[in-house]
Amino acid sequence: MKKTISMILCAVLLAGCSSTAQSAKTASTTQTVKADTVTGASTTRTVLSGDDYDAAMTDLEVVSNDLATKAETEKAGYEEKEGAKLAQVMSVNDDGTPSMSTIHAWKVEKSGDQATITVVMTDGRTISNLIQEGCKGTILVHSKAWYIMHVETAEVKTLEYSDEAYEAGEFNSAYSGAKAKLNEYTVTFNITDLESTQVYMFD
């Protein structure tokens with residue numbers, strides 16, 4: 001009888017140790033996730049700070065495109081910016097699925113500690129998810145590395161479609177919504193985090 005009781009106590013003790021170890025592991029994992037909500041478990045992505053952040057911002061400023069309207073591109077002396085890169089804008093649809101658009105009209109600027117990126121996009125699913133202040137998305141650009149900008153909407157300007165505005169060249173030089181009479185949005189985002197990686201597979 002004493003032997004049976006001893007075995008039961010031993011089993012309970014071991015179960016308690018296992019439970020405690022699992023709880024400690026769970027707590028450790030939770031703390032890791034909370035400490036690194038951007039990269040998660042990825043070892044191929046680096047959150048940039050300090051000199052690395054400044055160098056990346058300089059690179060992004062160099063490869064930014066201009067935000068010229070069609071009318072501005074037709075003025076004498078206008079020259080298309082050389083070396084500009086395309087950007088991939090990503091947002092989340094209401095049903096949780098991702099939406100992505102490739103754009104050429106984007107520009108990064110840094111003033112003091114605050115960096116922003118401004119994009120000009122024709123109305124569509126991707127940008128419609130981002131036109132309220134505080135909305136969050138991600139913008140990817142490939143230059144010296146793949147840069148991953150996590151962004152939050154700060155300001156939105158809407159250019160409503162009209163035949164007069166379109167004919168006057170007020171829309172962006174890459175505007176493609178005239179047939180459907182779509183609005184155009186100029187959205188400025190605060191860059192909340194900046195990452196770099198070398199392993200993305202699309203350009």
Side-chain angles (χ1 to χ4, degrees), residues 33-34 36-40 42 45-49 53-54 56-70 72 81 84-143 145-162 165 170-178 180-197 200 202:
V33 171
K34 286 182 178 178
D36 188 6
T37 57
V38 178
T39 59
S42 176
R45 288 161 54 181
T46 302
V47 179
L48 300 176
S49 60
Y53 179 90
D54 293 338
M57 288 305 305
T58 297
D59 187 22
L60 285 165
E61 288 172 340
V62 169
V63 298
S64 292
N65 211 327
D66 63 38
L67 307 177
T69 64
K70 187 173 186 298
E72 289 170 338
K81 185 177 177 181
K85 302 287 186 177
L86 297 176
Q88 315 289 342
V89 179
M90 300 181 67
S91 64
V92 179
N93 298 319
D94 290 340
D95 63 359
T97 57
S99 181
M100 182 169 72
S101 296
T102 302
I103 64 168
H104 93 283
W106 64 278
K107 186 175 182 180
V108 163
E109 297 177 287
K110 187 172 184 294
S111 177
D113 294 332
Q114 183 60 62
T116 61
I117 178 170
T118 299
V119 306
V120 181
M121 294 177 64
T122 303
D123 193 12
R125 177 169 290 186
T126 300
I127 195 62
S128 67
N129 295 325
L130 298 170
I131 57 175
Q132 300 297 324
E133 186 176 339
C135 288
K136 295 181 179 181
T138 298
I139 300 177
L140 297 89
V141 174
H142 189 192
S143 185
W146 266 110
Y147 295 113
I148 308 166
M149 290 171 273
H150 300 285
V151 299
E152 183 172 338
T153 304
E155 182 181 6
V156 179
K157 296 179 181 177
T158 304
L159 177 57
E160 295 185 359
Y161 180 84
S162 72
E170 294 180 18
F171 289 84
N172 185 259
S173 58
Y175 174 73
S176 58
K181 300 184 183 298
L182 298 176
N183 294 341
E184 179 180 87
Y185 299 103
T186 298
V187 184
T188 298
F189 302 95
N190 289 325
I191 300 174
T192 56
D193 289 286
L194 176 61
E195 297 180 88
S196 68
T197 182
Y200 277 78
F202 53 91

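Any value given below was found using the heavy atoms of this structure, including those in side chains, with hydrogens, waters and symmetry copies removed.
For Gln88 and His142, the side-chain atoms include no donor-acceptor pair closer than 3.5 Å. For Asn183 and Thr158, the side-chain atoms include no donor-acceptor pair closer than 3.5 Å.
The closest side-chain heavy-atom distance from Ile127 to Val187 is below 4.5 Å. Considering only heavy atoms from C-beta on, Leu67 comes within 4.5 Å of Thr118 through its side chain. Put simply, the side chain of Phe171 does not reach to within 4.5 Å of the side chain of Thr69, judged on heavy atoms. Contact check for Ile117 versus Ile139: side-chain heavy atoms found under the 4.5 Å cut-off.
For the pair Val141 and Met149, the tightest heavy-atom approach, listed with the atom from each and the gap, is CG2-CE, 3.7 Å. Residues Met57 and Ile191 share a closest heavy-atom pair of CE-CD1, 4.4 Å. Of all the heavy atoms in Leu140 and Met90, the pair that sits closest is CD1-SD, 3.3 Å. Minimum heavy-atom separation, His104 to Leu86: CB-CD2, 3.7 Å. Across every non-hydrogen atom of Tyr147 and Ser143, the tightest pair is CE1-CB, 4.0 Å.
With rounding to the nearest 0.5 Å, the separation of OG1 in Thr122 from CD1 in Ile103 is 10.0 Å. To the nearest 0.5 angstrom, Glu195 atom CD is 8.5 Å from Thr138 atom OG1. Note: Thr126 OG1 to Ile131 CD1 = 12.0 Å, rounded to the nearest 0.5 Å. Here Thr102 contributes atom OG1 and Met121 contributes atom CE; the two are 9.0 Å apart, rounded to the nearest 0.5 Å. With rounding to the nearest 0.5 Å, the separation of OG1 in Thr188 from NZ in Lys107 is 10.5 Å. How far CZ of Phe189 is from CD of Glu152: 10.5 Å, rounded to the nearest 0.5 Å.
At distances below 3.5 Å, at least one donor-acceptor pair connects side-chain atoms of Thr192 with backbone N or O atoms of His150. Checking side-chain atoms of Ser101 against main-chain N and O of Val89 turns up no donor-acceptor pair under 3.5 Å. Under the 3.5 Å distance criterion, the side-chain polar atoms of Glu184 are matched with a main-chain donor or acceptor of Asn172. The backbone N or O of Gly124 sits less than 3.5 Å from a side-chain atom of Ser128, completing a donor-acceptor pair. Judged purely by atom type and a 3.5 angstrom limit, Lys81 uses its side chain to pair as donor or acceptor with the backbone of Ser64. With hydrogens and angles disregarded, no donor-acceptor distance shorter than 3.5 Å links the side chain of Gln114 to the backbone of Ser111. Listed for the Asn93 side chain is no donor-acceptor partner under 3.5 Å among the backbone atoms of Asp95. The main-chain N or O of Lys85 is found under 3.5 Å from a side-chain atom of Trp106 such that the two form a donor-acceptor pair.
With Leu194 as the fixed residue, the side chain to side chain contact (heavy atoms under 4.5 Å, CB included) test singles out one of Val151, Ile148, Leu60, Val108: Leu60.
Within 6.0 Å of CD in Glu133 there are 12 or fewer heavy atoms belonging to other residues, nucleotides or ligands. A 6.0 Å sphere centred on NZ of Lys110 holds more than 12 heavy atoms belonging to other residues, nucleotides or ligands.
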task = Assess whether side chain to side chain donor-acceptor pair (under 3.5 Å) is satisfied between Asn190 and Thr116, documenting all intermediate values.
result = CA-CA 5 Å; Asn190 289 325; Thr116 61; 6.0 Å; no
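Between Tyr161 and Tyr175, the two ring planes are parallel [angle under 30°; tilted spans 30° to 60°].
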